[in-house]
Number of protein chains: 2
Amino acid sequence: MVRMSLRHAVLGLLADRTASGYDLMKLFDTSLANVWPATQSQVYGELGKLAGSGLIEVSAEGPRGRKDYAITKRGLDELRSWLIDTEPDRTRRSETLLRVFFLGVLTPVESVTYLSVEAARAAGEHAELERLDAQVDWGDDHLSVYGRLALEYGLRLTAMQEEWASWARDQVGELT
Amino acid sequence: MVRMSLRHAVLGLLADRTASGYDLMKLFDTSLANVWPATQSQVYGELGKLAGSGLIEVSAEGPRGRKDYAITKRGLDELRSWLIDTEPDRTRRSETLLRVFFLGVLTPVESVTYLSVEAARAAGEHAELERLDAQVDWGDDHLSVYGRLALEYGLRLTAMQEEWASWARDQVGELT
DNA sequence: ATTGTACCTTCCACTCTTGACAGGTCAATC
DNA sequence: GATTGACCTGTCAAGAGTGGAAGGTACAAT
């Protein structure tokens, strides 16, 4: 039990409102898609474990075997304690950057192509996020207020990535 | 065998020069620390598998059981093919951002503190990278040329993170 | 001569993540 | 009445990553 952010992601979502595993999956695939992706197996598994340890509980049962979960007092304590008392794991892996390290085995022309594609990809993602920003109806609930901060991070990140990739492309271009 | 970037990280390092597992670990702990961290167990395990499949080979044996590995023709082909023909996995997880999503369970003051710490952390990392940049003797080999591009990415990323965290802190501050 | 330190490899137990599979129910439409 | 599609929960196998333990060798300095 070293880290387990997934556990806290589920707790965090349930802190906003009760939800079933199905509901949570939709949130993971939309709001949290670019922050903490998770699969069904993980979510349902985690719900079972969390319920077993009393951090959440079944608050209602609906049709089709639907189970609504609600966070408990202990769960909320655990979530707050995670936010305040523990340091985030900042281990980052970037396959894109890993490839940059090894661009030397390609020809300069091939490297320039790689970085151009990367710049275009970042630009595309940036545009996509801007579209999302304009489209989303930002409410006043927790997830909206702070979710917007997260979206802004995405906007700034993709903008930075595009600038960097363009710059890097030019740097490599000068080698030819 | 879906992704396995670690395999290609090892191949990429060996494309620059021959190395033992011990040598590779030093590279993983320095050059690649912020790009693709790996543990001993992973590296030695991967070396065994790569040698077994003929992508690398033992080029020399030294004292203390040291084995120097060199990339083979097939290994280089595999590396090039990975760089050119396959799309990087861009799945990103950010525990820091995940926490931002759930800042709503804290008081605004606690949230401001969290974001302030985050800004300071980014600033500190940025300064550290600048120090590294000035200190490193950038040579002409592959890892240096392209490693420098990666470092520049880190500089821009940490600068962006500091600006974002400061901005977000002010945003939340306005709620009080 | 001992001792400390750097060197060097290998194995194991555990958690996290992925992807696929399996199964069942309700509501509306044709 | 049958089909379709959205709803909803669960399990399993395998890969990837973590952390640590174990064990041994060469070398230099005291």
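Below, read A as the first sequence line, B as the second, and so on, with proteins coming before strands; counting in each chain starts at 1. Note: hydrogens, waters and symmetry copies are ignored here, and every other heavy atom, side chains too, is used. Values in this document were obtained by computation on a predicted structure and should not be read as measured data.
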Is a donor-acceptor contact shorter than 3.5 angstrom present between the side chain of A:Ser41 and the base of C:dG19? yes

Is it the case that the side chain of A:Ser81 and the backbone of A:Asp77 share a donor-acceptor pair, with hydrogens and angles ignored and the cut-off at 3.5 Å? no

Side chain to side chain contact (heavy atoms under 4.5 Å, CB included) partners of [X], counting only residues at least two apart:
X	answer
A:Ala51	A:Ile56, A:Tyr69
A:Ser41	A:Thr39
B:Ser166	B:Ala119, B:Glu162, B:Arg169

Atom [atom1] of [X] and atom [atom2] of [N]: how far apart are they, to the nearest Å?
X	N	atom1	atom2	result
B:Gln42	C:dC12	CD	P	17 Å
B:Met25	C:dT10	CE	C1'	14 Å
A:Tyr69	D:dG10	OH	C1'	10 Å
B:Asp68	C:dT9	CG	P	8 Å
B:Leu24	C:dC7	CG	P	14 Å
B:Leu6	C:dC16	CG	C1'	16 Å
B:Glu46	D:dT18	CD	P	14 Å
B:Phe28	D:dG19	CZ	C1'	17 Å

Linked, directly or transitively: B:Ile84 and A:Tyr114 (ILVMFWY side chains, under 4.5 Å): yes

Near DNA chain D, counting only heavy atoms under 4.0 Å, which residues of residues 52-62 of chain A show up? none

Residues of residues 84-99 of chain A with a heavy atom under 4.0 Å from any atom of DNA chain D, listed by number, are A:Arg93

Could you check whether A:Glu125 pairs with A:Arg121 (Lys NZ or Arg NE/NH1/NH2 to Asp/Glu carboxylate O, under 4.0 Å)? yes

Determine, step by step, whether B:Trp36 and A:Leu97 satisfy the side chain to side chain contact (heavy atoms under 4.5 Å, CB included) criterion, reporting the C-alpha distance in whole Å, the side-chain angles of both residues, the deciding distance to 0.1 Å, and the verdict. CA-CA 9 Å; B:Trp36 205 271; A:Leu97 228 43; over 6 Å; no

Sequence neighbours excluded - side-chain hydrogen bond (donor to acceptor under 3.5 Å, both in side chains) pairs with any residue from residues 45-63 of chain B: B:Arg7-B:Glu46

Please list all pairs passing the side-chain hydrogen bond (donor to acceptor under 3.5 Å, both in side chains) test where one or both residues lie in residues 18-28 of chain A, with sequence neighbours left out. A:Ser20-A:Asp23, A:Ser20-A:Arg66, A:Asp23-A:Arg66

Per-helix bend value, the helix from C:dA1-D:dT30 to C:dC30-D:dG1, C1' rotation axes over five pairs per end, 10° rounding, shows 0°

Exercise answer: donor-acceptor pairs, residues 149-157 of chain B side-chain atoms, under 3.5 Å, sequence neighbours excluded:
{"unit_1": "B:Glu152", "atom_1": "OE2", "unit_2": "B:Arg156", "atom_2": "NE", "d": "2.8"}
{"unit_1": "B:Tyr153", "atom_1": "OH", "unit_2": "A:Gln161", "atom_2": "NE2", "d": "3.0"}

What residues form a salt bridge (charged side-chain N to carboxylate O under 4.0 Å, His left out) with B:Arg93, not counting sequence neighbours? none

Pairs where residues 115-135 of chain A contributes a residue and the test ring pair (Phe, Tyr, Trp, His ring centres under 6.0 Å) is met, not counting sequence neighbours: none

Distance alone, cut at 3.5 Å: any donor-acceptor contact between the side chains of A:Thr96 and B:Arg92? no

With the criterion being N/O to N/O and under 3.5 Å, what pairs connect the protein with nucleotides 4-8 of chain D, and how long is each?
{"unit_1": "D:dC7", "atom_1": "OP2", "unit_2": "A:Tyr22", "atom_2": "OH", "d": "3.1"}
{"unit_1": "D:dC8", "atom_1": "OP1", "unit_2": "A:Arg66", "atom_2": "NH1", "d": "3.2"}
{"unit_1": "D:dC8", "atom_1": "OP2", "unit_2": "A:Arg66", "atom_2": "NH1", "d": "3.2"}

I'd like to know whether B:Arg148 forms a side chain to side chain contact (heavy atoms under 4.5 Å, CB included) with B:Asp133, so could you lay out the CA-CA distance, the side-chain angles of the two residues, the decisive distance to 0.1 Å, and finally the verdict. CA-CA 8 Å; B:Arg148 186 165 200 182; B:Asp133 191 16; 4.1 Å; yes

